[in-house]
Amino acid sequence: MKIGFLAMSGIRAHDPQLLELGLTLPGVVERSKVIASLPSLGLLYLAAVTPPEHEVRYFEAEADGNEPPEAYDCDLVAINTFSAQAFEAYAVADRLRKKGIKVAMGGLHVSVRPEEALEHVDYVFIGEGEIVWPLAVQAIARGTTERLWNAAQFGPVDVSTLPVPRYDLLAGRPYNRFTVQTSRGCPWRCDFCASTVMLGQRYRKRPVEHVVRDIRAILKLRKRPFIEFADDNTFVDKEWGKELCRQLTPLRVSWFTETDVSVADDEELLTLMRRSGCRQVLIGLESPDEKPLNGLELKANFKAKRAKTCMDAVRKIQRHGITVNGCFILGLDGQTPDVFQRVLDFAGQLSLYDVQITILTPFPGTPLYDRLLREGRILRPGRWDLCTLFDVNYVPQGMTPDELREGIYWLTERLYSEESAEQRRRGYFEQLHAKEDKPANSRKPRSGKSRVPRRRTVPVVR
Ligand code: B12
């Protein structure tokens, strides 16, 4: 069979005012282009485990969700789904099937709403694909009538057996950023988190040598690639993390990852991270005040427990020359309309190099979604296209939906203004040069000249 792997690319948001305000700012558009062109790691893994007798191709849907003509040249097209583009993916599937092409669909969204996807596609996959996909491909080639494939029935994916994703299929495309996974899952269970729902609550680390092997494969395509680790929480195991950094260092790549504030507990780790090319860590700080954090992480109340020390943690990380992209969720239970000013002040106090603000989003399959549905607080149930992190689709506890919307417009304008961004970045450079025993803001930058890049900061949508 000719098998096409179709990734839905681009970022999504609907609120016209926010689009106008935030997402069209010059810096934002620039960053959007960068991340929107990230390839789909999940599909590259599936291509790698596809039995070799089948021909495989990788392509991407346009930003408007339309499939490229090459898709019509395949016998079977595999599509991955996020909730925000589920309807677009179904529309693509409907068009392909009208032309007699078989369609398989998997990924985060259909894993939690398989019955919905069965209306549009031939084969639906629940869960991680690496074990189930090659078996299904053989069955499909033999004309199976089985339409629903649940990965759980075939055992968990042992991440130490993962092959090199088929990065080679990207050759000739203009990617400069590549995703690599070092681990899957997260030991924490935040009630809003949509990714751990599927990749499993068990935290699994890959052998460091395999991560290096994958990056070497990327280095064959690009001399100086930027690596985005597509992890949920990279440095849970500090000793393993140090070994990862040691082995990354000779590769001389720049990298970015998502982690939690506990990286700041280990100075040696931070030193090794910086030395190995870490440019930025994205950390979910979620709220400037402790009350809304209470109960947010369901296993150990991790976020609330760490609230008091998070300011020190961010400063410690940034002093190592690793920028922090601090993420805040707006509209959490316990937040009132003063949260917008609080986030603005807090981001300034922390001198966060980058800040991401998103709206609390009830993704299907999350404890948050089930709770809000039970409480009658979802405004438009089933409107998955609103699962963008920028659109309000629920009734917040401490404000009205309009106050939340207005608040995010207000905050976007201020947080991403050139002045505010410059101030934060100047603070970052001050921290970088500050001595450990002095508070960061008590020192002047080393040179009179500002080394702050003159561009707006960018809200990263991940
Ligand atoms: C990299 C990334 C992106 C890249 C995606 C590149 C791409 N083309 O895929 C970019 C930057 C473009 C992006 C954009 C968005 N993202 Co994003 N992103 C991620 C991130 C950080 C990693 C995803 C990843 O690579 N995972 C690793 C791979 C191996 O896993 P996987 O893709 O799930 O694939 C496995 C299985 O799902 C399954 N599978 C997947 N597809 C298929 C298909 C078949 C046929 C089969 C058999 C199996 C199968 O098998 C794979 C291997 O095991 C996650 C967070 C996270 N840590 O997961 C958020 C995440 C996926 N993003 C999210 C969101 C909300 C978005 C946006 C809507 C943001 C926005 N406003 O625009 C957009 C949507 C883009 C779109 N076009 O739909 C949410 C999605 C939640 C949800 N339920 O939908 C996540 C979970 C983050 C979060 N905040 O919660 N994102």
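Order of listing sets the numbers, starting from 1, for every ligand and every atom in it.
Residue Gly107 approaches ligand 1 through these ligand atoms, each under 4.0 Å from one of its heavy atoms: 37 (O), 39 (N), 40 (C), 41 (N), 42 (C), 49 (C). Applying the 4.0 Å criterion to heavy atoms of Ala84 picks out, from ligand 1, the atoms 68 (C). Close contacts of ligand 1 with Thr388, meaning ligand atoms under 4.0 Å from a residue heavy atom, involve 70 (C), 71 (N).
The proximity of Val132 to ligand 1, defined as any non-hydrogen pair under 4.0 Å, does not occur for either the backbone or the side chain. When heavy-atom distances to ligand 1 are checked against a 4.0 Å cut-off, Glu228 has no atom that comes that close, whether in backbone or side chain. Using a 4.0 Å cut-off between heavy atoms, Glu60 makes no contact with ligand 1 at all.
Of the candidates Phe125, Phe82, Phe192, it is Phe82 that places a heavy atom closest to atom 17 (Co) of ligand 1. Considering each of Ala61, Gly42, Gly127, Ala48, the one bringing a non-hydrogen atom nearest atom 38 (C) of ligand 1 is Gly127. Counting heavy atoms only, Leu46 comes closest to atom 44 (C) of ligand 1 of the residues Thr257, Leu46, Leu282. Comparing heavy-atom distances from atom 57 (N) of ligand 1 across Asp232, Val137, Thr179, Ile126 singles out Asp232 as nearest. When the options Gly106, Ala7, Gly185 are ranked by their closest heavy atom to atom 43 (C) of ligand 1, first place goes to Gly106.
Note: no N/O pair closer than 3.5 Å links Cys387 and ligand 1 by distance alone. Ligand 1 has a nitrogen or oxygen under 3.5 angstrom from a nitrogen or oxygen of Ser83. Among the atoms of Glu258, none of the N or O lies under 3.5 angstrom from an N or O of ligand 1.
We find that Glu297 and Lys303 are not joined by a salt bridge, their nearest charged nitrogen and carboxylate oxygen being 4.0 Å or further apart. Classification of Arg57 and Glu70 as a salt-bridged pair fails, no side-chain N sitting under 4.0 Å from a carboxylate O.
Evaluation of the salt bridge (Lys or Arg N to Asp or Glu O under 4.0 Å) test over residues 98-117, restricted to residues two or more places apart or in two chains, returns none.
Between Arg380 and the choices Asp385, Asn393, Asp391, the side-chain contact (heavy atoms from CB on, under 4.5 Å) rule is met once, by Asn393. The only option from Glu406, Met399, Arg405 that meets the side-chain contact (heavy atoms from CB on, under 4.5 Å) definition with Glu403 turns out to be Met399.
Relative to the ring axis of Phe256, Arg279 does not place its NZ or CZ within 45° and under 6.0 Å from the centre.
For Arg213, the side-chain contact (heavy atoms from CB on, under 4.5 Å) criterion is met by Val164, Arg206, His210, not counting sequence neighbours.
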